[in-house]
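Here the structure comes first, spelled out in C-alpha cells, and everything after it is commentary.
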Amino acid sequence: MRKKRTDKNQSGIVSEMRQLQIQVIISNFGDDFPDLVCGWAGNWILLEVKQPDGSIDRGQLRFLADARGFVAVVCDSDSAIRAVTDPNEYCVSNSQQDRIAKWLLRNPSQETLSVRKYQDLIAEID
C-alpha cells in the first residue's frame, strides 16, 4: 500500500461538513480508496478530494468506474456538501461510470487525467 498524500483543501472541506453535522471519516487506506467516507441521512458517500488543478490517477479512475455505491470527486466544500446531501444528483452515475471505463480502455498508457478533463468527461451528454 502507498501512503496517501492529503490535498491542501481537504481539511477545510472536512471542517465545513462537520459543522453541518455530516459524519466524516478520513480514510487512510492508501492505494486508490477515496479520501473521505461520509454519513448522512442513512447513506454512506465516498469522496475523493482533489485540487481544481490536480489530477486523478488511473487506479482512482478505475475505482470510480467500478464503485457500486455513492462516490464523487470534489474540489471544494460546496461540491462535497452537494454530493453528500443529494448523492443521486451529484455522485457518479452509471452512465458516467461507463464513460470513465471507456476512457480507461481508450487510453491504456495514460496514468492520470486532469480534474478539468475528468469534469468534461463526466459532463458529456449521452
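Interatomic distance, Asp35 CG to Glu48 CD, rounded to the nearest 0.5 Å: 4.0 Å. Expressed to the nearest 0.5 Å, how far CD of Gln23 lies from CD1 of Ile45 amounts to 10.5 Å. In this structure, CD in Gln97 is found 11.0 Å from CD1 in Ile122, a value given to the nearest 0.5 Å. Interatomic distance, Leu46 CG to Cys91 SG, rounded to the nearest 0.5 Å: 8.5 Å. Distance CG/Asn9 to CD/Gln51: 4.0 Å, rounded to 0.5 Å. Rounding to the nearest 0.5 Å places CD1 of Ile56 at 13.5 Å from CZ of Arg62.
Applying the side-chain hydrogen bond (donor to acceptor under 3.5 Å, both in side chains) criterion to Thr85, with sequence neighbours excluded, gives no partner residue. Residues passing the side-chain contact (heavy atoms from CB on, under 4.5 Å) test with Lys117 are Leu113, Ser114, sequence neighbours excluded. Qualifying side-chain contact (heavy atoms from CB on, under 4.5 Å) partners for Ile26, counting only residues two or more places apart in sequence or in other chains: Gln10, Val14, Arg18, Asn28, Leu36. For the side-chain hydrogen bond (donor to acceptor under 3.5 Å, both in side chains) test, no residue two or more places apart in sequence or in another chain qualifies with Asp66. The side-chain contact (heavy atoms from CB on, under 4.5 Å) search around Ser93 returns Ser95, Gln96, not counting sequence neighbours. For Phe70, the ring pair (Phe, Tyr, Trp, His ring centres under 6.0 Å) criterion is met by no residue, not counting sequence neighbours. Residues that satisfy the side-chain contact (heavy atoms from CB on, under 4.5 Å) test with Ser11, not counting sequence neighbours, are absent from this structure.
Between the side chain of Gln110 and the backbone N or O of Asn107 there is no donor-acceptor pair closer than 3.5 Å. Remark: the backbone N or O of Phe33 is not paired with any side-chain donor or acceptor of Asp31 at under 3.5 angstrom. The backbone N or O of Pro52 sits nowhere less than 3.5 Å from a side-chain atom of Arg116 that would complete a donor-acceptor pair.
Across Cys38 and Leu47, no two heavy atoms sit closer than the pair SG-CD1, 3.7 Å. Summarising the geometry of Leu105 relative to Pro108, their closest heavy-atom pair is O-CD, 3.6 Å, with the distance given to 0.1 Å.
Evaluated for a side chain to side chain contact (heavy atoms under 4.5 Å, CB included) with Trp40, the options Ile81, Asp86, Ile22, Val24 yield exactly one hit, Ile22.
Sorted pairs that involve residues 43-62 and meet ring-ring contact (aromatic ring centres under 6.0 Å, His included), not counting sequence neighbours, are lacking altogether. Applying the side chain to side chain donor-acceptor pair (under 3.5 Å) rule to pairs touching residues 67-77 yields Glu16-Ser77, Asp76-Ser79, sequence neighbours excluded. Residues in residues 75-120 take part in no ring-ring contact (aromatic ring centres under 6.0 Å, His included) pair, two or more places apart or across chains.
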Exercise. Under the side chain to side chain contact (heavy atoms under 4.5 Å, CB included) criterion, do Val115 and Ser55 qualify, and how do the steps go?
Worked result: CA-CA 5 Å; Val115 169; Ser55 62; 5.7 Å; no
Exercise. Taking it one step at a time, do Val84 and Met17 satisfy side chain to side chain contact (heavy atoms under 4.5 Å, CB included)?
Worked result: CA-CA 9 Å; Val84 170; Met17 287 196 304; 4.1 Å; yes
For this session: Apply side chain to side chain contact (heavy atoms under 4.5 Å, CB included) to the pair Lys50 and Val74, showing each step before the final yes or no.
Result: CA-CA 6 Å; Lys50 293 293 178 187; Val74 299; over 6 Å; no
Problem set entry | side chain to side chain contact (heavy atoms under 4.5 Å, CB included) between Val92 and Ile100, intermediate numbers included | CA-CA 10 Å; Val92 178; Ile100 295 166; 4.2 Å; yes
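Pro34 places none of its side-chain heavy atoms less than 4.5 Å from the side chain of Gln60.
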